[in-house]
Each structure stands twice: as structure tokens, then as C-alpha cells.
Amino acid sequence: MDQVMDGGRLPLEAWFWEMPTCTRWWTAATVLTSALVQCHMVTPFQLFYSFRAVFIKAQYWRLITTFLYFGPFSLDLLFHIYFLQRYARLLEESSGRSPAHFSWLLLYAMTCLIALSPLVSMPFLGHPLSSTLVYIWSRRNPDTRLSFLGLLVFTAPYLPWVLMAFSLVMHGTVPRDEIMGVVIGHVWYFFNDVYPPLHNGSRPFGPPAWWRRLFEGWTPPPGVADGADNDALPAPEYRDEEPPAAPAQVL
């Protein structure tokens, strides 16, 4: 059959399994969460982050579901999912052979967003998490040229600011979620890309040895203790050789 690809997989199935591990299951969980809300099996009120609900009422699942819900099924949701998986995939594919580095980045970003969310009254944090990944990718690919809506051509480092301007025009409000993502992403970018070459390769935000072992069974070489491997091991290559498709998402 024309619809069946090599290995007997349908195009959508092949696209799903070609994603790296973290991006694949994050995308799947996002779709599943919206489906559960659409089927009235859960409500958005059971998903958002609230300090009182999590730490007083012990509803710990909210620490995860706040990053998974982007709204009910709609064209806007499809754009969010495409945008999420596109840049998450590019970052994860360029961060090494295992999910350890990318999952550590997600843990850092999620922790920062949860800590800052009460300051800006932002219960759902999936969008600022995506903005964090977009910012990091854009800084690591400064020569990549993008086309926004087929009207504006620019290099990747301007992508977060173009998206902010578009959001401001569309919604008429300051995009606090994207600003949070840029701030958190810049801290990560500085300590993983700018700081190491100036300090003998030291990577203070790199995943510790125990985290690597958790994901890939990595064993530190003799003489390297837990938490000390970040300085001794070569940094993964983050450059993305494939020019990304033009972002034409409505946020």
C-alpha cells in the first residue's frame, strides 16, 4: 500500500517513533491530556499548578500536568504541538546520544518555571517551557535563516523576539510567559555555552553522573567522582545541521 512506509509503519506512526525519547513522550502526553479534557474525563481545573493544591492537598500530579495542557482541540492546539515537538526535537537530537542531557534541561526549566509562576499568576506552564527551548535553540543556531508567515525573513536569534511581537499584536498584552521562557533559557545558555570556554570547560549546569547513569547506565571513569564528570568529559555538540522549517505558528 502507498500509505505504508518501510517496516510496515504508517506515515504518522513513523513520524512519532522517529522522534527522540523525551520529545516523543512529551508530545504524546500533550495530545492525551487535551483528549482527556475534550472527553470530559478530567477538567483544566484538575491540571493547573497551584502551590496550595500541590503542597497542602498533596495533588502532586499538577507538577507535571501544568506543562501538558495547551487548551482544547483546535487549530491553535495543533500549532502549539507542532511548535513544541519541532524545537524540542531539534534540541534533543543535538544534545547527545541519550536523553540524559535534554531531560536535565527540561528538569531545570520546569523547576524554574514552577518557582516563578506564583510571581506572575501563571497556572499553565507549557507555553513558557516551549519558549525556553526555542530561545536556547535560537542562540545555538545563529546563522540559520527563518521565514515567519512568509513575510519576514530573519536569523534564528531573533525568533523569540519576533514571536513576542506577534503575540503582543495578536493579544494586546505583554507576553509574560515568553519573557519568562527567555530569561530561564538565557541562564541555561550562558552556563552551558558561554561560561565553559572561559572556565576550562567547567559546566555547572551539566547533568551530574547519577543522572546520566539513570538514563544511560553511564559509569564514571576511574578517578572521576559523582558530580565531577562535567568538567572532565567533552561537551556534547549542539549544532543543528538541518535548517528548520519556517515557523508559521499562531501563538
Side-chain angles (χ1 to χ4, degrees), residues 15 19 23 26-27 29-31 33-34 37 44 47-49 66-94 102 105-106 108-110 112-114 116-117 119-190 193 238 240 242-251:
W15 170 79
M19 293 186 203
T23 301
W26 185 13
T27 303
T30 298
V31 175
T33 301
S34 292
V37 173
L47 304 176
F48 69 85
Y49 171 74
T66 184
F67 297 101
L68 301 179
Y69 185 64
F70 288 84
F73 281 127
S74 64
L75 184 60
D76 188 56
L77 175 64
L78 292 179
F79 282 137
H80 276 298
I81 291 175
Y82 171 79
F83 206 68
L84 179 155
Q85 70 84 27
R86 176 63 182 176
Y87 291 98
R89 178 175 184 168
L90 287 172
L91 267 184
E92 186 171 1
E93 287 178 342
S94 63
F102 185 70
L105 164 58
L106 289 180
Y108 154 80
M110 292 165 68
C112 291
L113 287 169
I114 286 174
L116 294 176
S117 64
L119 302 179
V120 293
S121 300
M122 193 175 298
F124 289 105
L125 301 173
H127 193 183
L129 180 56
S130 294
S131 297
T132 300
L133 303 182
V134 168
Y135 179 84
I136 296 172
W137 177 85
S138 69
R139 293 302 302 268
R140 288 176 174 170
N141 296 269
D143 299 323
T144 301
R145 296 179 65 81
L146 303 173
S147 173
F148 186 71
L149 299 178
L151 301 174
L152 181 64
V153 178
F154 53 92
T155 54
Y158 291 100
L159 177 60
W161 314 108
V162 170
L163 295 177
M164 281 189 200
F166 183 75
S167 180
L168 179 61
V169 171
M170 291 295 296
H171 303 291
T173 57
V174 176
R176 297 175 299 169
D177 49 359
E178 296 185 34
I179 292 174
M180 284 178 58
V182 165
V183 171
I184 293 171
H186 184 73
V187 173
W188 177 272
Y189 170 76
F190 176 81
D193 295 71
Y238 292 107
D240 175 39
E242 175 193 1
Q249 290 74 27
V250 180
L251 301 181

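We number each residue from 1, following the sequence as shown. Just so you know, these numbers come straight off a predicted model, no measurement behind them.
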For Phe124 and Phe48, take the angle between the two ring planes, folded into 0 to 90°, and tell me which bin it lands in: parallel under 30, tilted 30 to 60, perpendicular over 60.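 Phe124 vs Phe48 ring planes: perpendicular.
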Within a strict 4.5 Å, meaning less than it, do heavy atoms of the [X] and [Y] side chains meet?
{"X": "Leu116", "Y": "Val183", "result": "no"}
{"X": "Met122", "Y": "Pro128", "result": "yes"}
{"X": "Arg139", "Y": "Asp193", "result": "no"}
{"X": "Met110", "Y": "Leu129", "result": "yes"}
{"X": "Val182", "Y": "Met164", "result": "yes"}
{"X": "Tyr82", "Y": "Leu78", "result": "no"}
{"X": "Val120", "Y": "Asp177", "result": "no"}
{"X": "Phe166", "Y": "Leu152", "result": "no"}

Qualifying residues under side-chain hydrogen bond (donor to acceptor under 3.5 Å, both in side chains), relative to Thr23, sequence neighbours excluded: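 side-chain hydrogen bond (donor to acceptor under 3.5 Å, both in side chains) check on Thr23 returns Glu92.
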Applying side chain to side chain contact (heavy atoms under 4.5 Å, CB included), name anything that partners Val169, two or more places apart in sequence or on another chain. none
Nearest 0.5 Å, what's the [atom1]-[atom2] distance between [X] and [Y]?
{"X": "Arg176", "Y": "Leu119", "atom1": "CZ", "atom2": "CG", "value": "11.0 Å"}
{"X": "Leu113", "Y": "Thr66", "atom1": "CG", "atom2": "OG1", "value": "9.0 Å"}
{"X": "Trp188", "Y": "Thr132", "atom1": "CH2", "atom2": "OG1", "value": "11.0 Å"}

Say whether, by atom type as modelled, one donor and one acceptor occur between the side chain of Thr30 and the main chain of Trp26 under 3.5 angstrom.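 Yes, the answer is positive, given that a donor and an acceptor are paired below the 3.5 Å cut-off.
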Sequence neighbours excluded and cut-off under 3.5 Å, please list the side-chain donor-acceptor pairs for residues 67-74, or say none.
| residue | atom | partner | partner atom | Å |
| --- | --- | --- | --- | --- |
| Ser74 | OG | Pro72 | O | 3.4 |
| Ser74 | OG | Asp76 | N | 3.4 |
| Ser74 | OG | Leu77 | N | 3.2 |

Mark yes when over 12 heavy atoms from residues, nucleotides or ligands other than Tyr108 sit less than 6.0 Å from its OH; otherwise mark no. yes
